[in-house]
Amino acid sequence: MFRRTVFGPAIAFAVLGVIAWGSAWARADASGYEVTTYSPTISIEGGFNVSGGLAHYWNANSGYHVLDTKTGVVTDVGYPSSYSTNYGGDPFGVYDAISQKFYAATYASGFETFLYVYDYPTDTWSDAGQAVNMYGGAVRNGDLYISGLREPWSGGFDTNFISLYDFSGSNLHDALIETGGASAHVAVDNAGNVYYAAYGGFGVSGELYRWDASAVQSVINSNLAGGEEDTYLTLTDGTLLSTLPAGGNGIAVDDDGVVFFTVNQWGNPDASGIMRWDPTMNTGNSANYEVILSAADVGAGWFGPLAIEGSFDNGATLFTSLNFNASISGITAVPEPTTLGLLAAGGFMMLGWRGNRCARSPKRIARSAVRCSVPLAAIALFLMMGGTAMAGVFSPGKGGSAEVGFIDAGIAGFVGPAGEGVQATASNGNYVNPVFKGWATGVVMYDPSDNVGTYGQNGIGSQFADPNLALGAVTGSNMDIVSLGDMDATEITAHLSNPAVHPLGTLILSFDKAITNGTGADFATFENGFVSNYNTGAGSAAGQMFAELGYVEVSTDGVHYARFPSEYYNYQGAPPGSQAYLTQDVSNIYNLAGKHANAYGESWGTPFDLDDLLDDQLVLDGLVDLDEINFVKIVDIPGDGTFTDSLGTPIYDAWVTWGSGGMDFEALGVINQVPEPASLALLGAGLAMVASRRCCK
């Protein structure tokens, strides 16, 4: 899943500083919210956004910065050598996860603004043109929405627009909505609806509006020649959600359609604050909002922009600056005490359910005995911590000494002086683990569920659509992969109605010598999973594995495939909130490809033991010979819970993914392989022992 790179842009740059954490406190005017103030050395001057747990923002004096909202590390990316600014405060800096670009707008002279672009894949800056005024910025599906004046400012407040930025170089930015009033920020939700808290001017009240995506799409002109003279919407074309006590400014919308916005009136703290409107509230010409934080609570004179990722009611943080040129603060919802009591009580139900599940699993009795002895207190704690099961009885997936003793301990892709599981480089002396006697040598089928060659939603970039990248030895590179695609809800429905016409993403590999059933693991799969460093409202938990999961099947004849029995114990009852970057406690996962880290310098394979298929009906019927496996099939699991493990438990992972969506397969290493013909004579004396081992297993 290529969008995972939004977790790691800070890695490539020098760390500028570490945040000093402020104390948390509850808001004064109502219960239920908590504020934490970050204290970086860089202030927030204009609009910013949060992606993958990283806050991306811009400062007129020092350029582009990235705040890790979990660890507090601020990374200095810098600025282009050609940029021009009057140092009077810059309008916005926003990151687009689809294009992997950061857009920075600066005031140059008067109200003339320039746009600069930082491109992560190439680590370069470029100039992207100018506009008379850009105050707010938002990104969606690779498009940049800007808000601000469309004509040179002459003291009035009647020429503001929301527009699509023209990247052709002609600076013919497509006017979408005439907002009037003074400039304010803009927000666009996942569906393409546009939100704006209109600002009538200093000392004048404002209004909160939403324009439906279909209406906005109807006025987009891809061959724009007339600038703002082109067709556009007005306030009357939108839905008035609420009147405001003062002028609107910052705005953000979460995954549930909850709109957060700031209103400001100089010298009037009672009319200034951070407000919330959600779809359960009324619309129209009245005050349809809740006050989250008032200016009187924090002594603020002017609330800045807002940013959020995920669902606020499910734990996502709303980020803002609580005063002009202030640093970032985070606002979170605090669960009611009664909610915690209900969660704790749920632990008793969970214990009984888990015990029943274990009773229905006669295979692997020894492991089931351990798995079914989970203490009640631990289960209650797991429920209170948000729904991901506590550490289970399987491998933690991160390699090294932590793997010792687990039945599915990860197998190092590399060994040598730099240490087991450390990706080989030209200078560290590591080499491919000789435990692997062979690697996949042929591609029998590659049938991804997404379109190939179209990088973006429901598409796989051509660089990730070459199945030959799955052949040969492991590389440990998270880019040296073939994507199997990821079905969205519509595609899953089509698959369920006709699997033959709409198959899950599938890769079938072959080998120059067959895999055989020997002692321990017989082969290992490598996917580009990695450990997340961030907590986000989009599903990521620091320390857990970002794992895209897949079924594994084996065949002797290429027709009959036996699927490895799998077990999945995470997110029972469905994940809380957004799944965009859902992570896993992989100690609760068994026999699914993708659970071990194999990216960003770490390389561990997920082992598969053919012994687990001894009771499979195809094996019992002689249709699959475990001593002659010529084909291995990898099948992507769309992680919305539709597809289950062998015991019927729904499986969840990051969903929906794109670009290199779903399972990103890197390599398959063979451990037990049919020996060379010349070696067979040496094995003759051991045939009786082998037969004895077989009959007793």
Side-chain angles (χ1 to χ4, degrees), residues 1-2 413 436 438-454 458-487 491-492 495 499-512 514-515 522-529 547-564 566 591-596 598-599 605-608 624 629-639 643 651 653-655 657-670:
M1 185 175 95
F2 193 66
F436 296 109
W439 300 88
T441 56
V443 176
V444 176
M445 182 204 303
Y446 172 52
D447 191 4
S449 60
D450 287 344
N451 298 321
V452 171
T454 305
N458 199 32
I460 300 173
S462 57
Q463 68 270 44
F464 306 117
D466 180 1
N468 292 313
L469 292 174
L471 304 182
V474 64
T475 66
S477 169
N478 55 308
M479 303 292 286
D480 185 41
I481 55 91
V482 56
S483 167
L484 301 190
D486 195 8
M487 287 184 170
E491 292 166 327
I492 290 173
H495 165 78
V501 176
H502 305 283
L504 298 174
T506 301
L507 174 69
I508 299 178
L509 301 171
S510 61
F511 309 87
D512 59 359
I515 303 170
D522 300 299
F523 63 91
T525 62
F526 292 83
E527 201 263 357
N528 65 350
E548 293 165 312
L549 303 172
Y551 300 118
V552 177
E553 304 175 5
V554 296
S555 175
T556 299
D557 59 7
V559 176
H560 302 91
Y561 282 87
R563 176 172 290 182
F564 275 88
S566 57
N591 267 359
L592 292 175
K595 70 166 280 182
H596 284 84
N598 181 49
T606 302
F608 290 85
V624 174
I629 299 301
N630 296 305
F631 308 96
V632 175
K633 179 189 294 185
I634 310 297
V635 182
D636 177 66
I637 302 173
F643 303 91
I651 297 173
D653 65 10
W655 183 81
T657 56
W658 51 266
S660 65
M663 167 71 59
D664 297 330
F665 200 80
E666 209 256 288
L668 191 151
V670 180

*For G476, does its backbone N or O pair with a side-chain atom of E666 as donor and acceptor, under 3.5 Å?*
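The answer is yes, because a donor-acceptor pair under 3.5 Å joins these two groups.
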*Does Y561 use its side chain to pair, donor to acceptor, with the backbone of V552 at less than 3.5 Å?*
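Side chain of Y561 to backbone of V552, a donor-acceptor pair under 3.5 Å: no, none is there.
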Please round to the nearest 0.5 Å and tell me the distance separating atom [atom1] of [X] and atom [atom2] of [Y].
X: E527; Y: E548; atom1: CD; atom2: CD; value: 5.0 Å
X: I481; Y: T475; atom1: CD1; atom2: OG1; value: 10.0 Å
X: L484; Y: I460; atom1: CG; atom2: CD1; value: 7.5 Å
X: S510; Y: I629; atom1: OG; atom2: CD1; value: 13.5 Å
X: H495; Y: L504; atom1: NE2; atom2: CG; value: 4.0 Å

Closest heavy-atom pair and its distance - [X], [Y]:
X: S449; Y: E491; answer: O-OE2, 4.0 Å
X: H502; Y: M487; answer: O-CE, 3.5 Å
X: P638; Y: D486; answer: CA-OD1, 3.6 Å
X: G594; Y: A547; answer: O-CB, 3.2 Å
X: S566; Y: Y551; answer: OG-CE2, 4.4 Å
X: L592; Y: T606; answer: O-CG2, 3.8 Å

*Dump the intermediate steps for side chain to side chain contact (heavy atoms under 4.5 Å, CB included) on I515 and V554, then the final yes or no.*
CA-CA 10 Å; I515 303 170; V554 296; over 6 Å; no
*asked:* Checking A470 now: which residues fulfil side chain to side chain contact (heavy atoms under 4.5 Å, CB included) with it, not counting sequence neighbours?
replied: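 For A470, the residues satisfying side chain to side chain contact (heavy atoms under 4.5 Å, CB included) (neighbours in sequence not counted) are V482, L507, L509, F665.
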*With H560, which residues qualify under side chain to side chain contact (heavy atoms under 4.5 Å, CB included), at least two apart?*
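If we apply the side chain to side chain contact (heavy atoms under 4.5 Å, CB included) test to H560, skipping adjacent residues, the hits are D557, L618, L623, V624.
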Going by side chain to side chain donor-acceptor pair (under 3.5 Å), name the residues that satisfy it together with [X], two or more places apart in sequence or in a different chain.
X: D512; value: none
X: T556; value: none
X: T525; value: none
X: D653; value: none

*Check the pair F643 / L549 against side chain to side chain contact (heavy atoms under 4.5 Å, CB included), numbers first and verdict last.*
CA-CA 11 Å; F643 303 91; L549 303 172; over 6 Å; no
*Parallel, tilted or perpendicular: which describes the rings of F608 and F523, with under 30° parallel and over 60° perpendicular?*
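Answer is parallel, since the angle falls under 30°.
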*For the pair H596 and F526, evaluate side chain to side chain contact (heavy atoms under 4.5 Å, CB included) and give the outcome as yes or no after the intermediate values.*
CA-CA 8 Å; H596 284 84; F526 292 83; over 6 Å; no
*Are any of the side-chain heavy atoms of F631 and E553 separated by less than 4.5 Å?*
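F631 does not reach E553 side chain to side chain.
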*Given the rule in the side chain to side chain contact (heavy atoms under 4.5 Å, CB included) test, do D466 and Y446 qualify, once you have shown the distances and angles that lead to the verdict?*
CA-CA 9 Å; D466 180 1; Y446 172 52; over 6 Å; no
